[in-house]
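The next block holds one structure in the form of structure tokens; read it before the comments.
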Amino acid sequence: MGPRRLLQFFLLLALQVFTLASASPSSCLLAACQLFWPLESGTVFINGNPSTASAPARLLEGRAVLPLRELARLLGLPLESIPSVPDGVRLGGLEVYPSLKLARLNGKQLELKEVGTVEGGVLYVAARSLEVALGLRVNFDPTQRLVSLIYSPPLADTPRLPVARFATDKLEYRLGEPVQITDYSYDPDGLPVYARWSGREEAYFTPGPKTLTLTVTNSAGRTSQPYSLQIQVLDQPYLSPRDYALRYFSVGRTFLDGSVMTYPALTPERQDDPLPLLLSNSPEKVPTSGLLYEDAVPGSARVLAYHSNGLSVPARLLLIATNLSNTPQTVRLLRQGSVASTSVVALLGQVSLLDFLTSRPAGQLALGGNEALPLYLSPPLAPGEGLSVQLDVETSGTVQLSLYMLEEPLLSSLSNLSAPETLDALRALPVLEPDSAHVRGTFWGAVRRLRLDLSGLEPGSARRLVLGDNLLDPALEGRDAISGNTYRLLGNYGVTYRISVENAAGTVGAFVPRGGLYSGAIRVNGLYVEVPQSGVLVRGDLPMIFYRNLDGPFLSPRMELEFIPAPGSFLPVNLLFYKPASPGSGPTVKR
């Protein structure tokens, strides 16, 4: 390019910049315009310059609305009259007929109130309708009470491409050092852009030159030219892949660790609270209406039921509380969680568990002498669908808790579930035999308290707490109150583990399955963490971080954890406690 052509280029560029900076309303016909319109204000800012509007933007019935005539004037767009209707106007793809209380948006007829309204003789149109009619990008900031919009006029010539741009915080990094990237890509017409990277990593663990390339695509489908930058990774250790993940991965994210089973197992102090757990899990697939399980409990108890409908018709699970004495009793429902009408096993376990953990006391029932009242009735279960329900109850005396599966036609014939004849009808149903793969019964010790001390954990090392293996974590023992047979509760499903972790400062907690698929939750210092946040965990070499207690002003010397094995998931599991190595100390991994 010769000197004269170069001078012409810079003059044109300067003219375009000046045109945008001093944008008049008509300039929006030539280039993209950005408007900031405060509610109830007559001042509008166009590309940063103030302009006066004769009518303000407003908030009506929760919608940001703009005066149509003023918007057309500010954008320099023609507001056409519609001859067939005296007050009809057209702007882009929007036609409005105030006297008819009708509108058309891109050819679709609507009621006027769906797109706008007339207030004080001014026609207002919802910002979202203008977004459709003119292709605007609209945003409303309720805190600042500010409507912002970008208008990109249709271009007659070749559409302009978006531009990819980014920078790294430096050009040389050590092995495992975070690479900070600032992406400042843009679209000349103000359209949203979406990034596609190649060669980008959060950190690099092999030395040598690394090329990062970015392309961006706008919402119209146009793609930028690639933009590349090369950095150098030095052969100097900063963090190992495992310690990088422990320091920088977010809670809920998994990372690779093939050494899980080599970490020493912790031996916690243990104490079981004598809370009875009534477990109804057998037969898991219920073939007919009948009694699943029942037992009489004095005082507090936990009930856990996990079943699927094996009938050919819809069915429901019913929990009945019966006063076995002539003396009035009370039953308080302390916690309840359930999920039903699904065949997705991961949902049955995780959702019912979170529902239970986050529930609050649900009131109190008064039971007269020998009276029976329903405590829980599930939604209808289609054939093949299942449910999981967990309840904590507190009784003033001895109350019998009975679980039934009832096919829908039979349940419909029982008009009053509290009537004595209903109890007689339920008592006439058969007792369903357990299957050979699952357990039912009453097990004592539904709250297990564990205390861990991590004071001996050195930087770069890890320990694991094994739960539900029946070896390091013994299974509860119990008895089937119907058959009299004794059982062990393998996996300790329904048991609350309350785990106090001492000397936890500088540690990271991670959860890893060991027996198979797992989907549940864990409570950390009063906050609930889904395990995992979506889907299931399955691999024993991919721990999921559930807490980080490394740095900052809120470093805690103690962690309080609450864990209940999720119904439908596989036990045992490992809770891992890591103390990451310090940055720059090299790839040290201690057992």
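Since we're looking at a predicted model, the values are computed, not measured.
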Using the salt bridge (charged side-chain N to carboxylate O under 4.0 Å, His left out) criterion, which residues pair with Glu560? Sequence neighbours excluded.
Arg558

Under the side chain to side chain donor-acceptor pair (under 3.5 Å) rule, collect the residues that match up with Asn139, sequence neighbours excluded.
none

Going by the rule side chain to side chain donor-acceptor pair (under 3.5 Å), which residues pair with Arg222 if we only count those two or more places apart in sequence or in a different chain?
none

Restricting to side chain to side chain contact (heavy atoms under 4.5 Å, CB included), what partner residues turn up for Pro513, sequence neighbours left out?
Tyr518, Leu537

Using the ring-ring contact (aromatic ring centres under 6.0 Å, His included) rule, collect all pairs that involve residues 562-584, keeping only residues at least two apart or in two chains.
Phe255-Tyr578, Tyr263-Tyr578, Phe511-Phe563

Going by the ring-ring contact (aromatic ring centres under 6.0 Å, His included) test, which pairs reach into residues 131-150, not counting sequence neighbours?
none

Could you pull out all residues at least two apart from Glu202 that satisfy salt bridge (charged side-chain N to carboxylate O under 4.0 Å, His left out)?
Arg253

Please tabulate, one pair per line, all N/O donor-acceptor pairs under 3.5 Å involving side-chain atoms of residues 60-69, not counting sequence neighbours.
| unit_1 | atom_1 | unit_2 | atom_2 | d |
| --- | --- | --- | --- | --- |
| Arg63 | NH1 | Lys113 | O | 3.4 |
| Arg63 | NH1 | Glu114 | O | 3.1 |
| Arg63 | NH2 | Lys113 | O | 3.0 |

By side chain to side chain contact (heavy atoms under 4.5 Å, CB included), which residues pair with Glu201, not counting sequence neighbours?
Tyr204

Among residues at least two apart in sequence or on other chains, which ones pass ring-ring contact (aromatic ring centres under 6.0 Å, His included) with Tyr194?
none

Using salt bridge (charged side-chain N to carboxylate O under 4.0 Å, His left out) as the criterion, list what pairs up with Arg128, not counting sequence neighbours.
Glu131

Taken in chain and number order and not counting sequence neighbours, the residues that satisfy salt bridge (charged side-chain N to carboxylate O under 4.0 Å, His left out) with Arg174 are Glu177

